[in-house]
Enquirer: 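Next up is a structure, given as structure tokens.
Position 1 is the first residue of the sequence; numbering continues from there.
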Amino acid sequence: MVVLHYTEMKPVGTALDRLCDADAGVSAHYLISEEGEVTLLVPEDKRAWHAGVSYWRGHKDVNSASIGIELDHPGHGLGYRPFADAQIEALVPLLHRIVKTHDIPRANIVGHSDVAPARKTDPGELFPWDRLAEYGLATPTPKIELGDPFDNDGAFYLALERYGYDITDGHKAVEAFERRWRPRRISGEIDGELRAILFQLLLDRDRGIAR
């Protein structure tokens with residue numbers, strides 16, 4: 001897996017110092033500045049402590065199965081804004097090389113909020129997932145074919161868990177799903193559009209389209 005984060009620290013040196021502080025108990029494999037400078041912090045074959053308590057598609061210890069990439073960014077706490085073009089331009093070739101090296105399916109390139117929805121909101125609703133999808137580095141937003149198949153919220157939550165999310169906190173899990181798949185509106189409430197998106201994602205995955 002690859003897990004994408006934002007640092008929610010400024011300037012970038014502050015984040016770098018923390019990620020290199022043995023007493024902080026947090027680390028990542030890479031840090032990418034807003035200017036596009038890529039810094040290797042932990043070798044890819046070593047465990048980094050970036051995901052924390054997390055879950056994705058049956059993995060309860062995401063740190064043991066993932067590469068963590070921190071993006072220099074103020075985050076929601078310090079003035080949320082679009083990600084810098086230079087930063088994304090540096091991320092794309094890095095991701096491409098990681099995916100090829102480790103044979104990572106694009107559905108396993110996720111945000112921190114996807115694997116820890118109760119705790120995290122990064123990289124957030126302004127992260128350009130569709131741009132990554134254009135390069136085959138993320139699952140694209142699905143094109144709805146069949147509409148809303150779930151007749152109650154319980155069925156939706158079971159389907160959300162089947163797709164990969166931890167649904168322990170249902171409201172937060174829905175918010176995380178919205179940040180990734182319907183970023184224009186985040187309510188934490190299940191509606192027909194979300195049900196249709198989720199069903200299409202599962203359908204595409206079963207067809208081998210969204211892996």
Side-chain angles (χ1 to χ4, degrees), residues 1-6 28-30 44 48 50-71 83 88 91-146 149-150 155-168 172-183 186 190 193-211:
M1 295 173 55
V2 174
V3 182
L4 302 177
H5 309 254
Y6 61 43
H29 294 89
Y30 293 96
E44 290 177 15
H50 59 94
V53 178
S54 50
Y55 174 91
W56 184 250
R57 295 189 167 180
H59 290 283
K60 295 182 178 179
D61 182 9
V62 171
N63 282 330
S64 69
S66 64
I67 292 172
I69 301 176
E70 289 277 358
L71 302 173
F83 289 77
I88 302 305
L91 173 63
V92 166
L94 175 63
L95 263 183
H96 183 265
R97 200 268 307 151
I98 291 172
V99 164
K100 291 198 69 174
T101 300
H102 300 283
D103 192 25
I104 297 173
R106 59 184 179 173
N108 280 355
I109 299 175
V110 295
H112 201 184
S113 60
D114 294 314
V115 301
R119 301 185 299 110
K120 297 296 181 178
T121 59
D122 56 317
E125 58 275 13
L126 296 181
F127 184 77
W129 288 107
D130 285 344
R131 185 170 171 187
L132 294 189
E134 291 175 1
Y135 295 100
L137 298 173
T139 302
T141 302
K143 296 180 180 179
I144 305 302
E145 297 176 2
L146 299 177
F150 304 115
F156 178 87
Y157 282 124
L158 288 175
L160 191 61
E161 185 176 43
R162 181 185 165 201
Y163 188 74
Y165 286 84
D166 177 3
I167 60 168
T168 303
K172 291 295 185 181
V174 172
E175 284 186 347
F177 186 77
E178 289 175 305
R179 281 194 172 86
R180 176 63 179 86
W181 301 107
R182 192 186 65 185
I186 301 169
I190 299 168
E193 183 182 27
L194 291 182
R195 290 193 290 263
I197 292 170
L198 177 57
F199 182 68
Q200 192 66 50
L201 284 168
L202 289 169
L203 185 63
D204 288 348
R205 187 174 74 175
D206 290 346
R207 292 172 173 171
I209 296 172
R211 295 185 182 279

Enquirer: Can F83 and L91 be said to form a side chain to side chain contact (heavy atoms under 4.5 Å, CB included), step by step?
Expert: CA-CA 11 Å; F83 289 77; L91 173 63; over 6 Å; no
Enquirer: When you check the side-chain N and O atoms of W56 and N108, is any donor under 3.5 Å from an acceptor?
Expert: yes
Enquirer: Between F127 and L132, is there a side-chain heavy-atom distance shorter than 4.5 Å?
Expert: yes
Enquirer: Do I186 and F177 have side chains that approach each other closer than 4.5 Å (heavy atoms only, starting at C-beta)?
Expert: no
Enquirer: Tell me every residue that passes salt bridge (Lys or Arg N to Asp or Glu O under 4.0 Å) with E44, counting only those two or more places apart in sequence or in another chain.
Expert: R97
Enquirer: So does H112 get a backbone contact from the side chain of H5, meaning a donor-acceptor N/O pair under 3.5 Å?
Expert: no
Enquirer: Measure the spacing between NZ of K172 and NZ of K120 and express it to the nearest 0.5 Å.
Expert: 12.0 Å
Enquirer: Under 3.5 Å, side chain of S54 to main-chain N/O of G52, donor-acceptor pair present?
Expert: yes
Enquirer: What are the two closest non-hydrogen atoms of W129 and P123, and how far apart are they?
Expert: CZ2-CG, 4.2 Å
Enquirer: Rounded at 0.5 Å granularity, tell me how far CG in L158 sits from CD1 in I167.
Expert: 6.0 Å
Enquirer: What are the two closest non-hydrogen atoms of V62 and S66, and how far apart are they?
Expert: O-OG, 2.6 Å
Enquirer: Starting from the C-alpha separation in whole Å, work towards a yes-or-no answer on side chain to side chain contact (heavy atoms under 4.5 Å, CB included) for I67 and V3.
Expert: CA-CA 6 Å; I67 292 172; V3 182; over 6 Å; no
Enquirer: Under the side chain to side chain contact (heavy atoms under 4.5 Å, CB included) rule, what do I190 and Y157 come out as? Steps first, then yes or no, please.
Expert: CA-CA 9 Å; I190 299 168; Y157 282 124; 3.7 Å; yes
Enquirer: Taking Y55 for the side chain and G58 for the main chain, is one N or O donor matched with an acceptor at less than 3.5 Å?
Expert: yes
Enquirer: Do S113 and D122 get their side chains close enough for a donor-acceptor pair, meaning under 3.5 Å?
Expert: no
Enquirer: Would you give the length of the straight line joining atom CD of Q200 to atom OG1 of T141, rounded to the nearest 0.5 angstrom?
Expert: 11.5 Å
Enquirer: Quick one: pull up CH2 in W181 and CG in L198 and give me the separation to the nearest 0.5 Å.
Expert: 10.0 Å
Enquirer: How about H96: does its NE2 atom have over 12 heavy atoms from other parts shown lying under 6.0 Å from it?
Expert: no
Enquirer: Nearest 0.5 Å please: distance from the CD atom of E178 over to the CG atom of L194.
Expert: 5.0 Å
Enquirer: Are I69 and L71 close enough, and set up right, to give a side chain to side chain contact (heavy atoms under 4.5 Å, CB included), and what steps lead you there?
Expert: CA-CA 7 Å; I69 301 176; L71 302 173; 4.2 Å; yes
Enquirer: Does N63 reach the main-chain N or O of H50 with its side chain, forming a donor-acceptor pair under 3.5 Å?
Expert: yes
Enquirer: If you define the side chain from C-beta out and look only at heavy atoms, does anything of L4 sit under 4.5 Å from V2?
Expert: yes
Enquirer: With a 4.0 Å cut-off on N to O distance, would you call D166 and R119 a salt bridge?
Expert: no
Enquirer: Please give me the minimum heavy-atom distance between P117 and A176, naming the atom from each residue.
Expert: CB-CB, 3.7 Å
Enquirer: Given the ring of Y163, does R57 sit roughly above its face, with NZ or CZ under 6.0 Å from the centre of the six-membered ring and within 45° of the axis?
Expert: yes
Enquirer: How many angstroms lie between CG in D114 and OH in Y165, if you round to the nearest 0.5 Å?
Expert: 3.5 Å
Enquirer: Work out which heavy atom in R180 is nearest to a heavy atom in A138; give both atom names and the distance.
Expert: NH2-CB, 4.0 Å
Enquirer: Can you confirm whether I104 sits close enough to L95 that some side-chain heavy atom of one is under 4.5 Å from a side-chain heavy atom of the other?
Expert: no
